[in-house]
Amino acid sequence: MIYVSLIVVLLLASRAEAGPLDAPGYGKAFTCSACHGFAGNSRAATVPILAGMPAAYLKKALQDYASGKRPSTEMEPYAKMAVHLGVDDVATYFAGQKREPATATALDGAAVARGKTAAAACAGCHGPDGRGDAAKGVPDLRGQPQGYLGNQMLLFKSGRRSPGDKALEEMKTLMKAIPEATLADLAAYFASRQ
């Protein structure tokens, strides 16, 4: 009886599907889960979801944080660790995870509607629905936490997001022309998109 039970356990164990903890790169990326959530699916209002983001975008972000090109006292030490451990492995791990949109907590319907209208200004880079363009390194904004999106837009508006990055100059110019109330509406709209 014990022998049969052992065989059943071994058969069941061999059929178990691999999960996020078994993916290559997890050992180098696990520290990130303290803020970015299990498998990169943040549930914090101001922390981005990394799961499913293009590996090239994540790699550039980590390298920029590590070098100080994208200033953040919170991210710099962790980005340096990711670069040291293997930035390609960390970025590939998160890119390969299934993305779960942030839990939208009471988004203001009127703000979402205003944001949808205002999003026409974002469509040139992020597409009509905020999907982004992985080939061009433009991130998908859909379902990201509203607080995170709002904070990033304000950093762009003030010129504090990635100072000196010539590729983002057009974005910064656009953000400077958008009133802060409209930026909040845009954050609500993109957060509402799935």
Side-chain angles (χ1 to χ4, degrees), residues 20 29 32-58 60-62 64-65 70-75 78-79 91 93-162 165 168 170-194:
C32 305
S33 65
C35 296
H36 291 281
F38 183 71
N41 282 295
S42 172
R43 295 294 169 241
T46 58
V47 179
I49 295 169
L50 302 181
M53 294 295 278
Y57 176 80
L58 292 171
K60 180 182 182 330
L62 287 167
D64 286 355
Y65 279 127
R70 186 170 171 182
S72 172
T73 55
E74 295 85 10
M75 275 300 300
Y78 295 103
Y93 168 75
F94 285 117
Q97 299 309 303
K98 184 178 182 212
R99 185 174 182 185
E100 299 170 10
T103 313
T105 54
L107 291 172
D108 177 356
V112 170
R114 289 188 306 268
K116 182 177 182 179
T117 301
C122 309
C125 295
H126 290 281
D129 66 351
R131 188 175 307 267
D133 186 341
K136 293 180 181 175
V138 179
D140 187 343
L141 303 178
R142 298 170 305 153
Q144 286 287 357
Q146 181 180 6
Y148 168 73
L149 292 170
N151 287 343
Q152 293 305 301
M153 286 187 243
L154 289 172
L155 288 173
F156 274 116
K157 184 176 181 71
S158 69
R160 294 181 294 147
R161 166 76 189 264
S162 303
D165 190 334
L168 298 175
E170 186 176 333
M171 168 77 89
K172 292 176 185 177
T173 301
L174 174 66
M175 290 293 165
K176 287 178 184 175
I178 298 174
E180 286 188 24
T182 303
L183 294 179
D185 293 341
L186 286 167
Y189 169 68
F190 288 121
S192 76
R193 305 291 303 153
Q194 306 301 319

Quick one: closest heavy-atom pair of [X] and [Y], and the distance?
| X | Y | result |
| --- | --- | --- |
| Pro71 | Arg160 | CD-O, 4.0 Å |
| Ala55 | Ala91 | O-CB, 3.4 Å |
| Met53 | Pro139 | CE-CB, 3.4 Å |
| Ala39 | Ala51 | O-CB, 3.3 Å |
| Tyr65 | Ser72 | CE2-CB, 3.6 Å |
| Ala45 | Pro145 | O-CB, 3.2 Å |

Student check: side-chain heavy atoms of [X] and [Y] closer than 4.5 Å:
| X | Y | answer |
| --- | --- | --- |
| His36 | Pro48 | yes |
| Val138 | Arg131 | no |
| Arg70 | Leu168 | no |
| Arg193 | Leu141 | no |
| Arg43 | Glu100 | yes |

Next on the checklist: We want to know whether Gln152 and Arg161 form a side-chain donor-acceptor pair, criterion being a heavy-atom distance below 3.5 angstrom.
Outcome noted: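 A donor-acceptor contact under 3.5 Å links the two side chains.
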
Verify, without hydrogens or angle tests, whether [X] (side chain) and [Y] (backbone) share a donor-acceptor contact under 3.5 angstrom.
| X | Y | value |
| --- | --- | --- |
| Asn41 | Lys98 | yes |
| Ser42 | Val47 | yes |
| Lys172 | Ser158 | no |
| Asp185 | Arg114 | no |

[X] [atom1] to [Y] [atom2] distance, which is reported to the nearest 0.5 Å:
| X | Y | atom1 | atom2 | result |
| --- | --- | --- | --- | --- |
| Tyr57 | Leu50 | OH | CG | 9.5 Å |
| His126 | Phe190 | NE2 | CZ | 7.0 Å |
| Phe156 | Thr173 | CZ | OG1 | 11.5 Å |
| Leu149 | Tyr189 | CG | OH | 12.0 Å |
| Gln144 | Ile49 | CD | CD1 | 5.0 Å |

Checklist entry - Step by step, would you call Arg99 with Asp140 a side chain to side chain contact (heavy atoms under 4.5 Å, CB included)? => result CA-CA 11 Å; Arg99 185 174 182 185; Asp140 187 343; 3.3 Å; yes

Checklist entry - Does Tyr78 OH have over 12 foreign heavy atoms under 6.0 Å away? => result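 No - once you tally the heavy atoms of other residues, nucleotides and ligands closer than 6.0 Å, there are 12 at most.
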
Scan the side chains in residues 174-181 for donor-acceptor partners under 3.5 Å anywhere in the protein, sequence neighbours excluded, and list what turns up.
none

Checklist entry - Do Leu186 and Cys122 pass the side chain to side chain contact (heavy atoms under 4.5 Å, CB included) test, and can you show the C-alpha distance, the side-chain angles, and the key distance before you say yes or no? => result CA-CA 9 Å; Leu186 286 167; Cys122 309; 4.1 Å; yes

Checklist entry - What do the steps show when you test Arg142 against Gln194 for side chain to side chain contact (heavy atoms under 4.5 Å, CB included), and what is the final call? => result CA-CA 6 Å; Arg142 298 170 305 153; Gln194 306 301 319; over 6 Å; no

